[in-house]
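Taking it in order: structure first as structure tokens, then the write-up.
Residues: numbered from 1 along the sequence shown. Small disclaimer: the values here were computed from a predicted structure and weren't measured.
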Amino acid sequence: MSLIKKYFSASDLDAIKKACELAEKNTAGEIRVSIFGKRPPKSAKMSLPELAYAEFKNLGMEQTRDRTGILLLILLKEHQFQILADEGINAKVEQEVWDDIAKQMAEKFKNGEYLSGVVSAIERIGAILAQWFPRKPDDINELSDEVHIA
């Protein structure tokens, strides 16, 4: 946990949660952020996309009604992150959109702006999801907005 505290304070984690809540007000999409201080031993041989997919499943993100979950996974010790969208999103949104968000997030991280990098990525993801997957009258929050710390 100490590595996570080096990059994100408790109030930072709360700000990330609030950013997810705010972003989801206009979309049926579900955004989750998962932060790993270091890679779990059982995932040592996994690629970053494989680890993101395992975490996606671990968080039950493939169980949303319209398959509109999106995960932002951050591996602090390795200085890596992955944006992984479910099949409902991938059917409509090109990978280049997420790559562009990742590029901007990487720039902020290089400048030590970790909270700003995550929050601005969530805001952009939320805006894109709102375009393609507007909130429905019967929409419910299907996944927790808490930052998952591993």
Are the side chains of Ile31 and Glu24 in touch, meaning some heavy atoms are under 4.5 Å apart?
-> yes
Nearest-0.5 Å distance that lies between atom CD1 in Ile149 and atom CD1 in Ile35 = 4.5 Å
To the nearest 0.5 Å, how far apart are NZ in Lys108 and CD in Glu113?
-> 5.0 Å
Got a salt bridge between Lys25 and Asp139, using NZ or NE/NH1/NH2 to carboxylate O under 4.0 Å?
-> no
Going by side-chain heavy atoms closer than 4.5 Å, which hydrophobic residues are tied to Met46, directly or by a chain of links?
-> Phe36, Leu48, Leu51, Tyr53, Phe56, Leu59, Met61, Leu71, Leu73, Leu75, Leu84, Leu143
Is there a donor-acceptor pair under 3.5 Å between the side chain of Asp14 and the backbone N or O of Ala10?
-> no
Beyond-backbone contact of Glu30 with Leu129, side-chain heavy atoms, under 4.5 angstrom | no
Is there a donor-acceptor contact under 3.5 Å linking the side chains of Asp86 and Asn90?
-> no
Applying side-chain hydrogen bond (donor to acceptor under 3.5 Å, both in side chains) to Glu62 and not counting sequence neighbours gives none
Check whether any side-chain heavy atom of Asp12 lies under 4.5 Å from a side-chain heavy atom of Ser9, and answer yes or no.
-> yes
Do the side chains of Ile101 and Ile128 get nearer than 4.5 Å, heavy atoms only?
-> yes
Sort and list the pairs that fulfil side chain to side chain donor-acceptor pair (under 3.5 Å) and have at least one residue in residues 94-106, not counting sequence neighbours.
-> Gln95-Asp99, Asp100-Arg124, Gln104-Arg124
Applying side-chain hydrogen bond (donor to acceptor under 3.5 Å, both in side chains) to Glu55 and not counting sequence neighbours gives Ser34, Asn58, His148
Looking at side-chain heavy atoms only, is the closest gap between Lys136 and Arg65 below 4.5 Å?
-> yes
Spacing of Leu13 atom CG and Glu146 atom CD [to the nearest 0.5 Å] | 9.0 Å
For residues Leu76 and Ile4, determine if any side-chain heavy atom of one lies less than 4.5 Å from a side-chain heavy atom of the other.
-> yes
Step by step, would you call Arg32 with Cys20 a side chain to side chain contact (heavy atoms under 4.5 Å, CB included)?
-> CA-CA 7 Å; Arg32 289 290 319 255; Cys20 288; over 6 Å; no
Taking only residues two or more places apart in sequence, or in another chain, which ones meet Phe8 in a ring pair (Phe, Tyr, Trp, His ring centres under 6.0 Å)?
-> none
Whether Thr68 side chain and Gly88 backbone form a donor-acceptor pair below 3.5 Å | no
Would a 4.5 Å heavy-atom cut-off, applied to side chains only, mark Gln82 and Pro49 as touching?
-> yes
Do Lys92 and Gln131 touch side chain to side chain, with heavy atoms closer than 4.5 Å?
-> no
Mind checking what makes ring pair (Phe, Tyr, Trp, His ring centres under 6.0 Å) contact with Tyr114, not counting sequence neighbours?
-> Tyr7, Phe109
